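Following: one structure in structure tokens, then a few remarks.
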Amino acid sequence: MNITVVREGREYMFQGDESSSLLEQLRSQKLYVSAACGGRGTCGKCKVRMMSGAQEPSKEDIGFFAEEELAEGWRLACRTFPKDD
């Protein structure tokens, strides 16, 4: 699948992989996102907003985001495994 990241007004596009978390994929593209817990879903620092293709929230997402934020597509990158563009 294709992943498009918009950060600080710049757009980055790369080919995604279902078997890796979004955090891992972003780091492999040198797009660093803070994750003090090392990607274990405990710090809540790797917040990203999915503009499309957002999966059902993980239990960690539910712990860090309000219902409205979840509905807007906010997720933890370390707990997100993209399946669609």
Side-chain angles (χ1 to χ4, degrees):
M1 96 261 351
N2 296 309
I3 296 178
T4 303
V5 176
V6 179
R7 180 185 232 182
E8 297 175 0
R10 293 189 61 194
E11 195 171 280
Y12 305 88
M13 295 172 23
F14 60 94
Q15 190 66 32
D17 173 12
E18 285 185 27
S19 64
S20 299
S21 73
L22 182 57
L23 178 65
E24 293 168 324
Q25 294 182 62
L26 291 171
R27 287 180 169 178
S28 75
Q29 297 296 313
K30 309 234 184 303
L31 297 169
Y32 295 102
V33 175
S34 180
C37 68
R40 290 185 295 278
T42 58
C43 73
K45 300 279 186 190
C46 63
K47 297 176 180 179
V48 295
R49 184 171 180 206
M50 308 293 288
M51 301 306 289
S52 65
Q55 299 168 262
E56 288 297 313
S58 68
K59 66 180 180 176
E60 293 86 2
D61 292 326
I62 292 168
F64 282 102
F65 298 105
E67 284 185 39
E68 182 178 309
E69 292 172 312
L70 293 169
E72 292 173 350
W74 287 97
R75 301 289 187 272
L76 296 176
C78 69
R79 294 290 157 232
T80 299
F81 292 80
K83 299 198 182 329
D84 298 315
D85 291 347

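These numbers come from a predicted model, not from an experiment.
P82 pairs in a side chain to side chain contact (heavy atoms under 4.5 Å, CB included) with only one of the listed residues (I3, D17, N2), which is I3.
If you take CD on E24 and CZ on F81, they are separated by 6.0 Å, rounding to the nearest 0.5 Å. With rounding to the nearest 0.5 Å, the separation of CD in Q29 from CE in M13 is 11.5 Å. Atom OG1 of residue T4 and atom CG of residue D85 lie 7.5 Å apart, to the nearest 0.5 angstrom. To the nearest 0.5 Å, the span separating CD on E67 from CG on L70 amounts to 7.5 Å. Rounding to the nearest 0.5 angstrom, the gap separating the CD atom in E72 from the CZ atom in R49 is 5.5 Å. Rounding to the nearest 0.5 Å gives a distance of 9.0 Å between SG of C78 and CZ of R27.
Note: the hydrophobic cluster containing L31 also contains L22 (ILVMFWY, side chain heavy atoms under 4.5 Å, direct or indirect links). Under the 4.5 Å side-chain contact rule for hydrophobic residues, V48 and L23 share a cluster. Under a hydrophobic-cluster definition in which Ile, Leu, Val, Met, Phe, Trp and Tyr are linked whenever side-chain heavy atoms come within less than 4.5 Å, directly or via other members, V33 and M51 are assigned to different clusters.
Side-chain atoms of R75 come within 3.5 Å of backbone atoms of Q55 as a donor-acceptor pair (strictly under, hydrogens ignored). Between the side chain of R79 and the main chain of R40, a donor-acceptor pair closer than 3.5 Å is present.
The heavy-atom pair separating C46 from A35 by the smallest distance is CB-CB, 4.4 Å. Counting all heavy atoms, side chain and backbone alike, T42 lies closest to F64 at O-CZ, 3.4 Å. The two residues L76 and G41 have their closest heavy-atom pair at CD1-O, 4.4 Å. Taking all atoms of both residues into account, the shortest heavy-atom contact from C43 to A36 is SG-N, 3.5 Å.
Around the CD atom of E56, the shell of radius 6.0 Å holds no more than 12 heavy atoms that belong to other residues, nucleotides or ligands. Annotation for K83: atom NZ counts as buried by contact number, over 12 foreign heavy atoms lying within 6.0 Å.
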Verdict with reasoning, D61 to W74, per side chain to side chain contact (heavy atoms under 4.5 Å, CB included): CA-CA 8 Å; D61 292 326; W74 287 97; over 6 Å; no
Any chance you could lay out the side chain to side chain contact (heavy atoms under 4.5 Å, CB included) test for Y12 and L26, step after step, and finish with the verdict? CA-CA 10 Å; Y12 305 88; L26 291 171; over 6 Å; no
Show, in sequence, the C-alpha distance, side-chain angles and deciding distance for D84 and M1, and conclude whether the side chain to side chain contact (heavy atoms under 4.5 Å, CB included) test is met. CA-CA 6 Å; D84 298 315; M1 96 261 351; 5.8 Å; no
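Take Q25 and apply the side chain to side chain donor-acceptor pair (under 3.5 Å) test, not counting sequence neighbours, and it matches no residue.
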